[in-house]
Each structure stands twice: as C-alpha cells, then as structure tokens.
Amino acid sequence: MPAVQETVERVRRIDVDQYRYGFETQIESDKAPKGLSEDTVRFISAKKNEPAWMLEWRLEAYRRWLTMTEPTWARVDYPKIDYQDIYYYAAPKPKKTLSSIDEIDPEILKTYEKLGIPLREVAILEGVEPPPGGPQTPNRKIAVDAVFDSVSVATTFQKELKAAGVIFMPISEAIREHPELVQKYLGTVVPTSDNYFATLNSAVFSDGSFVYVPPGVRCPMELSTYFRINERNTGQFERTLIIADKGSYVSYLEGCTAPQRDENQLHAAVVELVTLDDAEIKYSTVQNWYPGNSEGKGGIYNFVTKRGDCRGRNSKISWTQVETGSAITWKYPSCILRGDNSSGEFYSIAISNGFQQVDSGTKMIHLGKNTSSRIISKGIAAGKSQNTYRGLVSAHRKATGARNYTACDSLLIGDKCGAHTVPYVEAKNSSATFEHEATTSKISEDVLFYCIQRGLSQEEAVGLVVNGFVKDVLQQLPMEFAVEAQKLISISLEGSVG
Amino acid sequence: MSLLEVKDLKVRVEEREILHGLSLTVNPGQVHAIMGPNGSGKSTLSHVIAGKPGYEVTGGQILFKGEDLLEMDPNERAAKGVFLAFQYPVEIPGVTTWNFLHAALNAQRKARGEDEISSPAFLKKVREVAKSLNIPQDMLKRGVNVGFSGGEKKRNEILQMALFEPAVCILDEMDSGLDIDALRIAADGVNALRSPERAMVVITHYQRLLNYIVPDVVHVMSKGRVVKSGGKELALELEESGYAQFEDAA
C-alpha cells in the first residue's frame, strides 16, 4: 500500500474531531503539592535523590525566574497562566522498586502499547511497506525511553547500548550516575537565564533523557523518547541533554501525546544538544500533543526551548520536526554554529487546524568560519488557525564564508486561517551568503477537482496534496517516523475542507 | 440502453445560462465529436458530466447506464466509469504519478466494492499499460504533471484512461497546445482504447484532431445547444464553411 493510501486509510478509520491519543490511564500517582515555590523545587530535587549541586542549580534558576516576565512577542494569544494552579510533579506510584521492565505497572505498559510505542525489547518495524523499487529496509531496533508525566518509566536496550559505550538513561539517573558529564554540559547550551520558560524548566524539570555517545562511536540504533502527559492539571517539564563526542553519530527521535482535557496544560521542555569535532546529531520530533477541541477548548501549551551547539569543527546538528498538536506552539529549535565548518539544518512541518496557534521556526547563529545552514519550513494552516514561521539567520563578524539557504512555504486550506512568515537576517560579515525564498499558496479548487474526478474523496485529495507539499521534509525523517507523521498530517487536517 | 444520455440539459453559471436545453445520446462503442466555437458551452458540458463544482443544473437530466448521474458525487461518477481528460491537467508537486494513480485506482475499486490492488501488482499493471502506450517509465516516478510538456500531460491523461478502464471518456480539447507529432501520439493512444463497450466524447475546436480520431457522430454546438448532428463528413464541411452558418440556427 503506498504511503498516501495508508494515510487515507487511517483517516477513514477515525471519526472526525477525534484525537486518537486522547484516552486517560487510570493509575495512582504521587504528586507534589499544587503550585510553585522553593519548597516545590526542593520537593522535586528530593524525590530524585539529587546531589546538593543540582538543588542549588535549580534554586538559582527559580530565583531568577521570579524576576522574569513572560514573553509576549510571539504571534499567539492565550489567557494568563496561573503558575500556582499547576502541579509541577506527578509520578505513577510504583508498586515497588523496579528492577526490570516486567515490573512496570501494566497499565502504563498498556498505555504505551495503545500509543504504538513498544517498551518491550522487540524489533518494531511492523506493517511498513517500502516503496516499490525502493530499498528494503531491514528491521531496525529502536531504543526507547518513556517519560510518563514527570518520570521516566522505562528505557529499553540498555545492555546493547552499554556494550557500544553509549549512555542512554533518564536524566534523573544520569545526575546521580554521571554527575561529571551532566555538570560539564547541562545549561551550557540553554543557560538557566535563557528565557522565561527555559528558566522555569531549569527550576522544576523532573525527568527527560540523557545521551552521551563516546568518541568515534556511531550509535548502533535509533534512540527515542516518548513523552506522555497523563495527569490532570500537570505541567510537563522535561529536560533532554544529548552529547555527541568527537567523531560520533546519533539519531534521536521524540514523540509526544496527551489525553484530551478541557483545561489547558503547560509543557515547557528544554532540549540541549552538543556536538564536538566531527560529530553529528540528528534530532527528529513528531509532536502531537492534544490540540484542543473543535471549539478551541483545552489543549497543550507547548513552550519549548530547543537548541544545539555545534561546538566542534566539522560538526553537524539537524533538527526535523513535525508539529501537528498543541493548542499553542512556541518553539524554535536552533543551532549555534560555533565550530569552523560546522553545519546546521532545520526541517519543519507545522500544521495547524481548528483554533491552533503556531509560532515556530529556528535560529541559525553563525559564529565559526565557513559554517553553513539550511532551513526548509512547510507551514500548513487550516480551519481558524494561525501559523507563523519566525526565523533568525545571523552571521557574526568573524564568521567568514557563512552560508544559509532558507525556504519557507505556506499552504492555506480554506479562508479563515492565516499564515505568516517573519524572517530576521543579520549579516555582520560581508562574505556571508544568505538566500531566502518564501511562497504562500492555497490548495486550488482545480487541483482538488482533478483528484476527485480520478476517484478520490475530498479528504483523500487534500491528504494527497498536503503530503506532496511536505515531502521534502518527510524524507528527512527516519522511516517509521515518516509513516507516523504522514498519518498525523491527514488526521490533523480532517474536516478542514468543505 | 444507451450509455450516456443527456436530456434537455440547462446549466447556469453565476446567474448566466450557458446550456439552454442540450440533448445527446451516446451508445457503447461510439465516438462522438462535439465541435463548436469558443463560448458555445462545450467545456461546460464536459464539466457538468464530470461533476465539477460551480455549475447549477436548472433543468434536464444526465443518465449514465440509466442511472441519474447528477445525483452522484464526482468521485462516485469516476468509480462508475466516467472519465474526463482535462484540457489543462493540473500539477501536483511532491506526489509521484504512480502514487497518485495507485491511490486513485484503489479509491475507485473500493467504491465499487472490489479488493484494493497491492503495490507490487499495481506497479506491474501500470508498467504494462505505460509500455503499451509507449510512455516512458520515468514519467511514473515524476511528480504528477510537474514539469511535463504539453504532450506529456496529455499522454498522462491517456495513461490514466487506460488504467482506469472507464466506460465513457470525455476528452476536453485534447489537441490544445499540441504540435502535430504530439497530437498524433496522443490520438494513437486514444484509438488504442476504442472498444465495443467504451464510448468517447471528443470535444474539439478544430477538425484536425478528427483526422486522427475518426468519429462516428459529429455534433455542432452553438450558444448552448446542439444545432446539427451528422456523420464524420460534417466535420470536414465545418472546416470549409466555419461556424458562422450555425450562429443563426441557434
């Protein structure tokens, strides 16, 4: 079955206005008292058995946060968030201390099974048919770290990774087991003072993933983290730190879902990537947080800071994101191109429907010599949504030979939505070559009628056209993710026409 | 039973009546040519048969194998066997031709309650069809009509016609934008698809196309009506004397 047909199939199986990940898991959980104070920060730190330095780091961030104000420059509109009305920590209550995956609460395992995320160590490439004539992809393994509300519940393939020297574990564990690495890198890409949401995260982050790939190692499998918000009124503040040491390579995937709820939930994550000389990190996200209902009620506020630092020479960081969920998205995965000859990439598909608001893009900061960056952004707006691309490309005075290519394409479906492109370009060096292209188009009636005359339904036709529009970016995703992303795209555009 | 029967069809576009009671009967195996000057309503007729939005049918009916075609959604009509070869086929960037064709064919099969065709089986089929029409394989891998020449776009339409095996094919100004060689190739493709079960309605401005696709019946349209019908020699007559003589008749 071709991928498009697959997409169409999936769409058909789902009723309109159905967020298929909207179910809730009934488990007992262990929560911090509602609200935010130094005590909350201490509570979280204590829950994690953190060393004193970590608590200090958090408290410093918390105090700084108290002096900051929420940013308002993004093209998004939402009622004021009451930060005292949120639970900052929720963990599934363990039945006992876990020593193997079999001891995880079966309810949680079931949740991940429902989501299609295998926590058991099995090869997972099922049901994905390669394109005809295309290469047959052998079954690949993916190591998964699953974060349920505030804690990591399982990390798979630990042994195999360990043999390769790769550290992949919940960050709470890394703080205890590899304090030297965490202290060396944590907060060096996104400092605790960086921005309102990142600072909040620094104070209260509860878990997330930690990856260290030693010099010269090509990580033997894809690493993946699956984030799930389950508890009501809970914020999720995860922190991810990935370090690719000299000459290493790792591909990392991130997926997110949340139950359907009427109230808004806050998600303020921080992701930091560091590549040393000749290293490469490929980071892919399929974000499908609950977007709110058809009247715009509920949904996740996704206020996320993601940044990569190409610290070494010839290093490379590539961000690929498919954003279909969240009521509000405020997210700019960026690259600091510090090392000479380093390169950064940003491939993005941002889809908004209903009342969703997306303000997303990237920053490419060229500091080193002969650095290059590439931005391909595809925004699709349907329903009554607003979709903004916001990007910055800058070249430092010393960044001779900096090169950037940016292409921002927007597609409008219907006439009640909006697409906006806000590019900032700063070249402080005359040898910089920056190219920017932008297009905005509508799905034309003629194209739809052509498809429908060939037998496709209206929704199938839209799905097909949109999948074509985003193809350049989909190709950047690892195959399993590409298939999932394709399904998501069609699902999120349900009912957008006609 | 006739295959396609248009009875006293009246169609409006934005308050303006374009077809004023048009009738046409097409039987299996026949090729009908519809000729007429610009603005006579030829393309409107093809669009209404295919179900393009934006047209208001104010009177008459269209029967396809005895069923009321106007009651069906356009994709339903396609599944039943109505095919429109477009005058200006659209481009769909990022969607490969073979992928598009596969999705469309399966949509039609499903609507008819048939099993879907698997990727390998489809690939085999589409390759065979392309080969029989002398269409290069690489066209299948390219985006639908993206960067295609005028001739390639028309050949892509014919490829689809061959693949979907419709009962009625409406060819809307197939000759527009084609040079004589491209026209001949396209016409060869159409002729290869003539069969005792299948009917074709060839809409054209010029007699030229009908040298290659020889019709059984020729209709002359003027001002939203069929004003004269005859055999293939009627086309030649028109070529000599032009459409002016029919202006008054309408």
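Residue numbering restarts at 1 for every chain, and letters A, B, ... go by the order of the sequence lines.
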(request) Might you confirm whether atom CG of B/Asp115 has over 12 heavy atoms from other residues, nucleotides or ligands at distances under 6.0 Å? (result) no

(request) Could you note down all residue pairs passing side-chain hydrogen bond (donor to acceptor under 3.5 Å, both in side chains) where residues 372-383 of chain A supplies at least one of them, sequence neighbours left out? (result) A/Tyr347-A/Arg374, A/His366-A/Ser373, A/Ser373-A/Asn404, A/Lys378-A/Asp409

(message) Return the CZ to CG distance between B/Phe86 and A/Asp446, rounded to the nearest 0.5 Å.
(response) 8.0 Å

(request) Kindly write out the residues that satisfy salt bridge (charged side-chain N to carboxylate O under 4.0 Å, His left out) with B/Lys124, not counting sequence neighbours, or none if the list is empty. (result) B/Glu128

(message) Is it the case that the side chain of A/Gln453 and the backbone of B/Val82 share a donor-acceptor pair, with hydrogens and angles ignored and the cut-off at 3.5 Å?
(response) yes

(message) Using heavy-atom distances under 4.5 Å, tell me whether B/Pro74 contacts chain A through its side chain, its backbone, both, or neither.
(response) both

(message) Is B/Ala111 close to chain A through its backbone or its side chain, or both, or neither, when contacts mean heavy atoms under 4.5 Å?
(response) neither

(request) Could you grab the distance from atom CG of B/Asn99 to atom CG of A/Leu464, nearest 0.5 Å is fine? (result) 7.0 Å

(request) Please report the closest heavy-atom contact between B/Asn75 and A/Ser457, naming both atoms and the distance. (result) ND2-CA, 3.4 Å

(request) Check whether B/Leu84 gets within reach of chain A through its side chain, its backbone, both or neither, counting any heavy atom under 4.5 Å. (result) both

(request) Compare all side-chain heavy atoms of A/Leu456 with those of B/Phe100 and state whether any distance is below 4.5 angstrom. (result) yes

(message) I need the residue from B/Glu91, B/Lys52, B/Gln108 with the largest number of non-hydrogen atom pairs under 4.5 Å to chain A.
(response) B/Lys52

(message) Surrounding NZ of A/Lys282 (heavy atoms of other residues, nucleotides or ligands, distance under 6.0 Å), is the total greater than 12?
(response) yes

(message) For B/Phe83, which atoms come within 4.5 Å of any heavy atom of chain A: side chain, backbone, both, or neither?
(response) both

(message) For residues 150-170 of chain B, give me every residue with a non-hydrogen atom less than 4.5 Å from any non-hydrogen atom of chain A.
(response) B/Glu157, B/Gln160, B/Phe164

(request) Could you check if a side-chain atom of A/Asn467 sits within less than 4.5 angstrom of a side-chain atom of B/Val95, using non-hydrogen atoms only? (result) no

(message) If you define the side chain from C-beta out and look only at heavy atoms, does anything of B/Pro53 sit under 4.5 Å from A/Leu448?
(response) no

(request) Provide the full list of salt bridge (charged side-chain N to carboxylate O under 4.0 Å, His left out) pairs with a residue in residues 54-64 of chain B, sequence neighbours left out, each pair given once. (result) none

(request) Name the region of A/Tyr450, side chain, backbone, both or neither, that has any atom closer than 4.5 Å to a heavy atom of chain B. (result) both

(request) List the atom of A/Gly455, the atom of B/Ala78, and the distance in Å for their closest heavy-atom pair. (result) N-CB, 3.6 Å

(request) Against chain B, work out which of A/Lys471, A/Glu445, A/Arg454 has the most heavy-atom pairs shorter than 4.5 Å and name it. (result) A/Arg454

